[in-house]
Amino acid sequence: MGCRIALLFGALFFAIPITARNIAARKATARVPPLLAPNCRNVQIPLGNITAYNIDFRSALSGLNFTDPEAVMDVFDSCLDPDTFIDPYDYEIIQPVVERNVTIHGIFCEPEVPVPPKERQIHFLVHDITYDKLMWHGLGVLEYSLADAMASGLKGSYTLAIDLWGHGDSHGATYPDPWQVLQPPFHVEVLHEVVKKLRQNERGLWKAFKNVTYVGHGFGAQLGALLLKGYPKDADVFVGSGLPTASNEIKPFPKEWNLVPAAATVPKYARQPLGYFAGDVDDNANTARQNTLYGGYFEEGLAFLDYIFQDTIAAGEACWGGSYLALETVPRESDFAGQACILAGEYDRVACADSILSVEAPECKERLRSVCKYAFPNTRSCEINVLGSTGHAWMLHRMGPQAVRTIRRWSERGDSWGNLCTTLTPRRVKY
Ligand SMILES: *[C@@H]1O[C@H](CO)[C@@H](O)[C@H](O)[C@H]1NC(C)=O
Ligand SMILES: *[C@@H]1O[C@H](CO)[C@@H](O)[C@H](O)[C@H]1NC(C)=O
Ligand SMILES: *[C@@H]1O[C@H](CO)[C@@H](O)[C@H](O)[C@H]1NC(C)=O
Ligand SMILES: *[C@@H]1O[C@H](CO)[C@@H](O)[C@H](O)[C@H]1NC(C)=O
């Protein structure tokens, strides 16, 4: 049980400078099971066949040799350029794709203190790209586990953190096609099927929840916005953090992500076909990930675990819409009529930061407000909050344990995270 903590401290003391020893440690630690609270457990959700209207990239990019790593890498790099936007519906080749026997893995937590059936609610947690469900569980370090905090605070919410298809443990015997299948429209259909079960079924994990709060970070937030564009009633509350908002001065350029074909990185990705990408394994890789996803106050040890446990990004995820970092991929004019909360870290280079000297990024606030206006004009309320002293992966920064403590303290107060948008995270972070 104490392994992760021990590893964390091990990493804290030995992480810098990055050495060959750490790369060996990465291989060893990748096999340690995560530490979960007693009220949480791993679950599997069989969804059967999923059909979605995806771009047929293999026809649309007819000039591309899909087995040539260099050629594929060139196209992929262009999909990390936030200035590249191609309206997905301009592609002439949108086709239904059917993925068979989709089973989604997740971590399900029950409220620490049982709640009456009428008051049951759930926070449905969807991870960013290059992460999996453990993002919401502090990568297995309990003091960072937001999912856990919600199951003890927030009047005792249930939580479900899933692995998107093709990520974490959610894949079949072979990995899904990274170009044809793993695109936002497909993920949205998966999310919709999960929400249907959350709302309707009443067996096992399912409690026919009347109140669903969708919480997504980064790519998971974009998918949430797309889900609510297509199915506005799928959530009562939407909490989205780390959405791309606009061009800013210090956004990462494609090479900075340091992504390479995943099969060439660590053994656990060896069976992934060309079209899955992960951070390179070399002396600079940890630093590269930190530079793009971290900023402000964080523990080096946790940032190092973040690098060790990194998941992948698939070509179809990056390239749908030209670049998944283009702000235009956040859909406009949703009919979603619930409550929305839009968050970003002050030093979030994807979503927010105006400069490296940002003090709660004043321009960012305006941009988050404009997300409310153009994406969610019909909400009951849409609030914003710029989180001080943190980069993109804010829940894994020093802010994380603070948010955890706040959520736990407010067990009587909030029904949902949506109510806590502006208050959840105090502006003045104490260290
Ligand atoms: C899934 O699709 C396959 C063929 O595409 C079909 O044979 C099978 O019956 C479908 N399964 C379900 C549960 O619909
Ligand atoms: C595609 O790339 C692979 C790997 O570089 C190469 O072996 C193959 O000949 C190429 N195919 C074509 C049609 O150029
Ligand atoms: C569907 O997936 C489950 C879980 O991965 C597996 O146990 C089962 O054999 C699969 N069924 C078919 C028909 O492939
Ligand atoms: C769901 O939770 C939100 C946020 O707390 C609350 O405003 C709303 O009334 C709840 N909806 C239902 C149907 O309980």
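Whatever order the structure lists ligands and atoms in, that order sets their numbers, starting from 1.
- Among protein heavy atoms, atom 6 (C) of ligand 2 sits closest to Asn65 ND2, 4.2 Å.
- A pairwise comparison of heavy atoms in Asp56 and Gln95 identifies OD2-OE1, 3.7 Å as the closest pair.
- Scanning the protein for heavy atoms near atom 7 (O) of ligand 1, the closest one is Arg100 NH2, 4.1 Å.
- One N or O on the side chain of Gln310 and one on the backbone of Gly279 form a donor-acceptor pair closer than 3.5 Å.
- Listed by number with element, the atoms of ligand 2 under 4.0 Å from a non-hydrogen atom of Thr67 are 1 (C), 2 (O), 3 (C), 4 (C).
- In this structure, atom 9 (O) of ligand 2 has no protein heavy-atom contact shorter than 4.0 Å.
- Under a 4.0 Å N-O distance rule, the pair Glu256/Arg349 qualifies as a salt bridge.
- Ranking protein heavy atoms by distance to atom 12 (C) of ligand 1, first place goes to Asn49 ND2, 3.5 Å.
- Closer than 4.0 Å to atom 14 (O) of ligand 1 lies at least one heavy atom of the protein.
- Cation-pi geometry between Arg367 and Tyr374 is not satisfied (NZ or CZ under 6.0 Å from the ring centre, within 45° of the ring normal).
- Not less than 2.5 angstrom separates the SG atom of Cys341 from that of Cys382.
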